[in-house]
Structures are given as structure tokens and as C-alpha cells.
Number of protein chains: 2
Amino acid sequence: MDVATDGLDAATKASLERLAVSRADAGTVLFRPGDDAAGFVLVHEGRIGVYLTGRSGRDILLYSVERGQTCIQTTLGLLGGEAYTGEGIAETPIAFSVLPRGDFMALMENSAPFRAFVFRSFAGRLNDVTRLLEQVAFVRVEQRLARVLIERAGEDGTVHLTHQALASAIGSAREVVSRRLEALRSRGLVELDRGLIRVADRPGLRHLAEGE
Amino acid sequence: MDVATDGLDAATKASLERLAVSRADAGTVLFRPGDDAAGFVLVHEGRIGVYLTGRSGRDILLYSVERGQTCIQTTLGLLGGEAYTGEGIAETPIAFSVLPRGDFMALMENSAPFRAFVFRSFAGRLNDVTRLLEQVAFVRVEQRLARVLIERAGEDGTVHLTHQALASAIGSAREVVSRRLEALRSRGLVELDRGLIRVADRPGLRHLAEGE
DNA sequence: ATCGCTTGGTGATCTTGTCACTGAAACAGC
DNA sequence: GCTGTTTCAGTGACAAGATCACCAAGCGAT
């Protein structure tokens, strides 16, 4: 799942590292559905969330782009001329650089390791989205919720997300998440606070997340 | 959406056309989740459906592979070492050829048009799956059903699919499809027969499919 | 004809999504 | 401190969809 810049040859790496680094605050909207891709985006620090939004206003997290990864929506746009379908939001303060279209094409032409990197990114995202589809289509909300809580819990078992943010992460509605969380709490699996969930019984939650 | 072999240079095209052509009957299972990719698959005739199956046994059509297209699940396997997550079934009698792994890698290395073709395929599939996710996550069953009926209806407005097949196509359950179809019938939008749906009011159905 | 299989219909029940509110906590400015 | 304002969370009522457990037709083979 993690697509690192590892495996790139020194020359390619150097040309990527020469790029100017931009920064953006948490919460910045980096691109919206319909935008054209400006260039190949590489994330150095922080996390970008790419969301799909339905007409009703409900949204779902397609995938996250973290350090060393690239936003393949952009690549998709560069290679196929298709515009974004998702919305990109900085979830933390981020640092990134943009490789202009022409330079990107040249690298694709000349660097086999770079091509491999881009392909791996693609493959990883396709897998992410497919797995997400599987979850949304076939898995109960409670189980999806348990999974996200496990994934997002820090060392101390805390998850700093609102019910709304959790709902977006699993593609459900806030009210549903509230009720499911209350159900988990009543079983002693989590503790609840405003904007904060504490995982109280990690093995129990993991068991739920695995299904059965 | 359609990823044709158009745009390939003559040399690449020739080397693809030298491959031996295999055939398979409708209904043949071509690959299952967990299988390793044998090589790069190119479809000459017919249609392959790639399905994702949940534990419950319910399944959903990820995408179809038609004439001139390639099954990117395979490519994904070749490039990233990931196994299939979907199940491939011949929906019609098919003719296809397989480009062995080594030859595939060589083409990727040496032919820019071939690389572009593979990238376009990837981009198309990622788009397909994303759109499907959007449908499943945010769109009503009735609307998804209407859309599929429009897409699959022949010149004469007939759709030769069972309720179960329709349910798989939209990622729902057979009973739900039966009930929704009955609702459409009562509104005069379709006529029903065993294994056959006739679109009676195409504009009306299309209107439904567009949403609102 | 009749056995077996596929296809489709139906009621009951549970889960999930949606709508319309309410209340509680956090926060900014005075 | 208070006072609005905003964000977050809880709740009841109801609609949509999934699941389960059946049953009944249609169809093909022998």
C-alpha cells in the first residue's frame, strides 16, 4: 500500500529533489472535481485525503496520499487527459512539489525506474479503491468502523476524529456512526469524548474488524 | 471508457498479432481471486466480466473487458506482483491471446506507444472502479438499475439478463432487484418475462437513470 | 410425465440512510 | 465574567435496502 520513492535511481531522485517545495495548511482544498491536472505531485510531508462526494453531500475517503507518495489522480490526468473526480484536502500541514507536465513526460520516456514508480503507485491506488468498494458493498458499518478505529488509533489508543470525519472515512452517515459508536461503547470496546474516541479493548475491536 | 489498441505503432501491433489465439466458451472462469497473473491478456472477441465477491456470496461487476482491451488485473499482477482480487468470467464466447511476462516487460521497456496503451487501460479502469464506488455508495438502487437497463438494452429494447445477473451488475440482492423491477413495471417503464426485460419507455427510464 | 434445476415472487425482520430536531461543548468578542 | 455563534453529538420517526426462509412457475432432460 505504501508507495515510497525507494527504488528510484540517483539521477531521477536528484531531478525530483531539485524541485521547489510548496507548503499548505491543514484544511486547504488542493483540487476539486473537474480541475485539470497541473503536473505530477509528490508529497514530502503530511497527508492529503482524496474524497469522493455524492450529490446528497455525503462523502467518502477514496485514499490518502502520504510522504513519498504521489497523487495518481494527477497522473491520471496527465496521461489520459481526464479531470479529477475527487476532492483533495490537506489533512495535516503539508509540503509538496510539482513536476511540470513536460518534465514528467520526459522522465516517463527516459527513466525506467520512474516508470516503475508511477506504475506501482497506480497499482496501489487501484487496489485501494477496489478494496474500499468491497468494504462499502459487502461489509457492515460496525465492522468498517472497527477497522478504521484500529487503523487510526495512536499508541495510546486514541482517535482524534469527529463522528462526521469517521462517517466520511467509511462512507456512511454521521447519525449512523454516532449510534454504532454508542453500541461499541456499551460493549466496553471504546470510550467516547467530544472529537475523540479511545480504543478500550483493542483485541475485541480487532476481532470485530476482521469479521466474525 | 473503451480502451482500444488504436494508437499502437505498427511494430508493436505486429508483435501482438503474432501471438497464438486461444478461445473459451461463455461461462468459463478465467481467473479467481488469489491466482497469479500468467501474462498480459488481450481480448480479441467477446466480453469478459470481472466480478468482486463478498463473503456473503453477493457479488458485483467491477468492469467488463471487451474487444481490443486488456485485463488490467493481470497487468497489475505483472507489474506489482499483486494477485487477482476479482473473478474473471467469459460472458460470451471469447477469443484472446496471452503475451508472456518477459515479452510484456520488453515491450514496456522499448515501446512508448505500448506503455501509453497500458497506462490508458489503467486510467480507464481506475475511473470505472471509482465511478462504480460512487454509484454504490451514493445512488439509489432504482436509479442504478435504470442505468444498467439503458446500457444493456439492445436496439429492440430487450435486456437478456436474469434478476440475479442484474443484481450482480449493480451490487445489490436479487430480491431487491425483483421488487424494483416490479415497481418499474407498474409505472409502465419496463415489461417483464423470464430471463428478459423489455424497456417499454426508454425516455422515462433514461430520465430516472440521470437522477431526478 | 415427472424429476431436477433455474428463475422469480413474497412476507418478516434487521440494518442502514435520511430528515428534522435538540442540546451540549467550544470559542470569539465584548 | 457573559453572549452569541459554531461545531459536535444524540434521538425519534420513517424510508430504503439486505437478508432469510420460503414457495411457485417455467424449462429441460430423460
Side-chain angles (χ1 to χ4, degrees), chain A residues 26-27 52-60 133-149 158-187 190-198 208 211-212, chain B residues 26-27 52-60 133-149 158-187 190-198 208 211-212:
Chain A
L52 196 63
T53 304
R55 286 191 221 198
S56 57
R58 246 173 73 215
D59 52 12
I60 182 167
L133 177 62
E134 188 174 5
Q135 293 281 314
V136 171
F138 302 129
V139 178
R140 290 205 157 351
V141 164
E142 194 166 83
Q143 194 174 327
R144 276 187 274 156
L145 191 55
R147 185 178 300 242
V148 173
L149 288 177
T158 61
V159 182
H160 290 270
L161 289 174
T162 64
H163 293 191
Q164 178 57 63
L166 278 170
S168 292
I170 66 170
S172 179
R174 181 189 59 80
E175 300 92 317
V176 176
V177 168
S178 288
R179 287 192 248 253
R180 286 298 96 204
L181 280 176
E182 169 54 27
L184 295 182
R185 195 201 54 71
S186 77
R187 279 185 270 159
V190 300
E191 291 163 19
L192 303 177
D193 258 314
R194 189 186 171 88
L196 171 75
I197 292 104
R198 257 183 308 277
L208 222 179
E212 242 64 22
Chain B
L52 196 62
T53 304
R55 287 191 218 197
S56 58
R58 246 173 76 215
D59 52 12
I60 182 166
L133 177 62
E134 190 175 4
Q135 293 281 313
V136 172
F138 302 129
V139 178
R140 290 207 157 346
V141 163
E142 193 167 84
Q143 193 173 327
R144 277 187 273 156
L145 189 55
R147 185 178 300 240
V148 172
L149 288 176
T158 61
V159 183
H160 291 270
L161 290 174
T162 63
H163 293 190
Q164 177 57 63
L166 278 170
S168 292
I170 65 170
S172 179
R174 181 189 58 80
E175 299 93 316
V176 176
V177 168
S178 288
R179 288 192 248 254
R180 286 298 95 204
L181 280 176
E182 170 54 28
L184 295 182
R185 194 201 55 70
S186 78
R187 280 186 268 159
V190 300
E191 291 163 18
L192 303 177
D193 258 315
R194 190 185 171 87
L196 173 74
I197 293 104
R198 254 183 311 277
L208 222 178
E212 241 66 20

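Labels below follow one simple rule: chain letters A, B, ... track the order of the sequence lines, proteins then strands, and each chain is numbered from 1.
- Of the two residues near DNA chain D, B/Ser56 and A/Glu182, the one whose nearest nucleotide lies more 5' is A/Glu182.
- One interatomic measurement links the two molecules: CG of B/Leu166 to P of C/dG9, which rounds to 12 Å at whole-angstrom precision.
- Set against C/dC19, C/dT10, C/dG17, the side chain of A/Glu175 has C/dC19 as its closest nucleotide.
- A heavy-atom distance below 4.0 Å to DNA chain C is reached by these residues of residues 134-142 of chain A, ordered by number: A/Arg140, A/Val141.
- Put simply, CG on A/Leu145 is 10 Å from P on C/dT16, counting in whole angstrom units.
- Fit an axis to the five pairs at each end of the helix from C/dA1-D/dT30 to C/dC30-D/dG1 and the two axes sit 30° apart, to the nearest 10 degrees.
- Every residue two or more places apart in sequence or in another chain that forms a side chain to side chain contact (heavy atoms under 4.5 Å, CB included) with B/Ala137 is listed here: A/Val136.
- The existence of a salt bridge linking B/Glu182 and B/Arg185 is confirmed by a sub-4.0 Å separation between a basic side-chain nitrogen and an acidic carboxylate oxygen.
- Residues satisfying the side-chain hydrogen bond (donor to acceptor under 3.5 Å, both in side chains) criterion with A/Thr53, sequence neighbours excluded, are absent altogether.
- Remark: A/Ser56 engages A/Arg58 in a side chain to side chain contact (heavy atoms under 4.5 Å, CB included) (not counting sequence neighbours).
- No N or O donor and acceptor, one from the side chain of B/Arg179 and one from the base of C/dG8, sit under 3.5 Å apart.
- Scanning all heavy atoms of the two residues, the minimum distance from B/Arg198 to B/Asp193 falls at NH2-OD2, 3.0 Å.
- Atom CG in B/Asp59 sits roughly 13 Å away from atom P in D/dA18 (whole-Å rounding).
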Just the atom pairs and distances: protein N or O near nucleotides 6-9 of chain D's N or O, under 3.5 Å.
from, atom 1, to, atom 2, distance (Å)
D/dT7, O2, A/Arg194, NH2, 2.8
D/dC8, O4', A/Arg194, NH1, 3.4
D/dC8, O4', A/Arg194, NH2, 3.2
D/dA9, OP1, A/Gly195, N, 2.8
D/dA9, OP2, A/His163, N, 2.7
D/dA9, N7, A/Arg174, NH1, 3.2

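- Using a 4.5 Å heavy-atom cutoff, the side chains of A/Leu149 and A/Leu184 are in contact.
- Computed from coordinates, the B/Leu192 CG to C/dT10 C1' distance equals 16 Å when rounded to whole Å.
- The two residues A/Ile60 and B/Phe138 come nearest to each other via the heavy atoms CG2-CZ, 3.7 Å.
- Partners of A/Ser172 under the side-chain hydrogen bond (donor to acceptor under 3.5 Å, both in side chains) rule, at least two apart in sequence or in another chain, do not exist in this structure.
- Of all heavy-atom pairs between B/Val190 and B/Leu181, the closest is CG2-O, 4.0 Å.
- The stretch residues 137-148 of chain B participates, sequence neighbours left out, in these salt bridge (charged side-chain N to carboxylate O under 4.0 Å, His left out) pairs: B/Glu142-B/Arg180, B/Glu142-B/Arg187.
- Legend: residues meeting side chain to side chain contact (heavy atoms under 4.5 Å, CB included) with A/Arg194, ordered by chain and number and at least two apart, are absent.
- Using a 4.0 Å heavy-atom criterion, one finds that A/Arg58 contacts the sugar-phosphate atoms exclusively.
- Under 4.0 angstrom from either OP1 or OP2 of C/dT15 there lies no side-chain N or O belonging to A/Arg180.
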